[in-house]
Amino acid sequence: MDILSGLAEVPAGLNGPVVTIGVFDGVHRGHQKLIGHAVDRAREAGAPSVLMTFDPHPVAVFAPEHTPDVLMPLTERARLIESLGVDYMLVIDFTKELAGESPEDYFVQVIVDKLHASRVVVGENFTFGAGGLGTARTMQELGEKYGVDVDIVPLLFDGSSRVCSTSIRHALAEGEVGQASEFLGRAFSVTARVERGAGRGGRELGYPTANQYVGDNEAVPGDGVYAGWFTVLPEEGTGPIDGDMELEVCYPAAISVGTNPTFGDARRSVESFVLDRDADLYGRLARVEFIAKVRDMVKFDSVDELLENMARDVATVRTLLERA
């Protein structure tokens with residue numbers, strides 16, 4: 001998959017692609033349905049597929065105080081989108097200028113003049129143009145006017161619940177990682193670099209952790225202890241891991257999310273104790289997948305009480321992951 005940074009990078013020879021448009025934050029099952037439809041239509045027509053997405057989130061531009069937490073960084077979004085068979089991922093820097101275009105100007109300038117699309121695929125709740133005045137039906141009407149086929153894909157429901165990024169964020173905030181993963185179609189994960197922590201002596205306590213810090217606008221599960229998997233990702237210019245771990249291997253882990261009140265650490269972090277392994281992970285890029293919640297975050301009165309609970313947590317994690 002080719003990643004295009006802005007409309008200026010659209011190849012001059014790109015002609016008649018099938019285009020789908022959206023933020024696609026999380027690339028959840030609803031997004032997968034939409035993207036899959038576009039890829040299928042493109043293959044049937046012998047045409048390239050183009051996924052047009054936005055960075056930053058459009059809400060961050062016109063209503064920054066309501067910007068939702070990001071479910072995954074753009075690099076992870078691209079990895080998942082590529083796995084769905086998309087040919088081109090077009091990343092638009094969503095500016096107030098683009099947001100201010102009328103629906104028709106938006107359609108003509110982007111869909112017709114720049115992308116030369118033969119077909120556009122959008123979800124039934126899609127909006128575009130100034131103030132979000134354009135709807136999926138508006139897109140269809142403009143398609144009829146300018147000779148572009150437009151498919152409207154129905155929203156996806158899981159029982160009575162709509163599969164959407166908002167529902168996933170809500171589930172994560174409640175610590176319901178199983179529900180979030182059900183909507184995503186895979187385990188919810190956090191990808192970040194391993195950094196040095198607050199110097200609490202985890203190794204001396206017998207539970208050395210790989211500490212990862214995420215931005216204030218990045219979604220993580222609610223504070224607590226979780227069972228999950230820890231994977232060190234390969235990067236250009238980095239060699240083997242120093243220790244008894246290997247790249248791209250999923251290792252069982254007890255994961256703590258929060259500020260760690262027992263030691264007065266104010267920074268919110270994701271701390272993974274990788275079971276039965278000992279390796280130098282500082283500076284490594286790693287993915288942490290959340291499988292099940294073990295307990296809420298608690299402030300313990302002593303280190304001994306903390307260690308007793310950590311031992312119980314590790315035993316619970318082993319059991320949960322054996323069943324997963």
Side-chain angles (χ1 to χ4, degrees), residues 26 28 69 71-72 161 167-192 194-195 197-198 200-214 218-232 244-245 249-279 281 284 286-324:
H28 55 62
D69 289 341
L71 291 175
M72 63 172 54
S161 301
S167 297
I168 294 169
R169 292 186 187 97
H170 177 75
L172 290 173
E174 297 298 317
E176 298 173 356
V177 293
Q179 181 64 77
S181 297
E182 177 67 23
F183 284 172
L184 285 165
R186 65 184 181 282
F188 172 77
S189 63
V190 168
T191 300
V194 176
E195 302 180 32
R200 291 187 291 270
R203 183 168 296 279
E204 287 73 17
L205 294 174
Y207 296 94
T209 57
N211 302 331
Q212 296 166 287
Y213 297 92
V214 297
E218 294 182 55
V220 293
D223 291 3
V225 176
Y226 297 84
W229 302 99
F230 184 94
T231 306
V232 181
D244 59 1
M245 293 175 63
V249 174
C250 296
Y251 294 98
I255 308 157
S256 174
V257 177
T259 58
N260 210 314
T262 299
F263 291 91
D265 188 351
R267 293 188 298 170
R268 197 155 187 258
S269 64
V270 174
E271 300 187 14
S272 301
F273 170 60
V274 182
L275 276 56
D276 309 317
R277 298 290 164 177
D278 184 14
L281 301 175
R284 294 282 185 170
R287 180 183 302 120
V288 177
E289 297 172 279
F290 294 82
I291 302 303
K293 188 172 184 178
V294 175
R295 63 170 172 83
D296 291 329
M297 188 64 72
V298 178
K299 188 179 189 305
F300 298 108
D301 294 328
S302 68
V303 172
D304 287 341
E305 186 181 359
L306 169 65
L307 290 174
E308 289 174 8
N309 277 272
M310 290 177 74
R312 283 196 291 270
D313 292 342
V314 169
T316 302
V317 166
R318 291 187 192 278
T319 300
L320 289 171
L321 295 180
E322 286 172 359
R323 296 173 180 170

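We number each residue from 1, following the sequence as shown.
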Quick one: side chains of residues 306-320, donor-acceptor pairs under 3.5 Å with protein atoms, not counting sequence neighbours, listed by atom name and distance.
residue, atom, partner, partner atom, Å
N309, OD1, R312, NH2, 3.1
N309, ND2, E305, O, 2.9
D313, OD1, R295, NE, 3.1
D313, OD2, R295, NE, 3.0
D313, OD2, R295, NH2, 2.8
T316, OG1, R312, O, 3.0
R318, NH1, D276, OD2, 2.9
R318, NH2, D276, OD1, 2.9
R318, NH2, D276, OD2, 3.4
T319, OG1, A315, O, 3.2

Residues passing the side chain to side chain contact (heavy atoms under 4.5 Å, CB included) test with D296, sequence neighbours excluded, are K293
- Query: Taking only residues two or more places apart in sequence, or in another chain, which ones meet T231 in a side chain to side chain contact (heavy atoms under 4.5 Å, CB included)?
  - Reply: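 T231: side chain to side chain contact (heavy atoms under 4.5 Å, CB included) contacts with L233, C250, E289.
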Quick check: closest heavy atoms across [X] and [Y], and the distance to 0.1 Å?
{"X": "V249", "Y": "Y251", "value": "O-CD1, 3.2 Å"}
{"X": "H28", "Y": "F183", "value": "CB-O, 3.5 Å"}
{"X": "G175", "Y": "Y226", "value": "CA-OH, 3.4 Å"}
{"X": "L71", "Y": "A219", "value": "CD2-CB, 3.8 Å"}
{"X": "G26", "Y": "L184", "value": "O-CD2, 3.4 Å"}
{"X": "A253", "Y": "L275", "value": "CA-CD1, 3.8 Å"}

Interatomic distance, OG1@T191 vs CD@Q212, rounded to 0.5 Å, equals 8.0 Å
Rounded to the nearest 0.5 angstrom, the CD-CG distance for E271 and N211 is 4.0 Å
With sequence neighbours left out, write down each residue that passes salt bridge (Lys or Arg N to Asp or Glu O under 4.0 Å) with [X], or none if nothing qualifies.
{"X": "R169", "result": "D25"}
{"X": "D69", "result": "none"}
{"X": "E182", "result": "R29"}

Taken in chain and number order and not counting sequence neighbours, the residues that satisfy side chain to side chain donor-acceptor pair (under 3.5 Å) with R287 are E76
Under 3.5 Å, side chain of S272 to main-chain N/O of I255, donor-acceptor pair present?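 Pair absent, no side-chain N/O of S272 close to backbone of I255.
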Check: Run the side-chain contact (heavy atoms from CB on, under 4.5 Å) check on R268 and V214 step by step: do they pass?
Finding: CA-CA 8 Å; R268 197 155 187 258; V214 297; 5.9 Å; no
Sorted by chain and residue number, the ring pair (Phe, Tyr, Trp, His ring centres under 6.0 Å) partners of F230 (sequence neighbours excluded) come out as none
Worksheet item: Stepwise, does the side-chain contact (heavy atoms from CB on, under 4.5 Å) test hold for L172 with F290?
Response: CA-CA 10 Å; L172 290 173; F290 294 82; over 6 Å; no
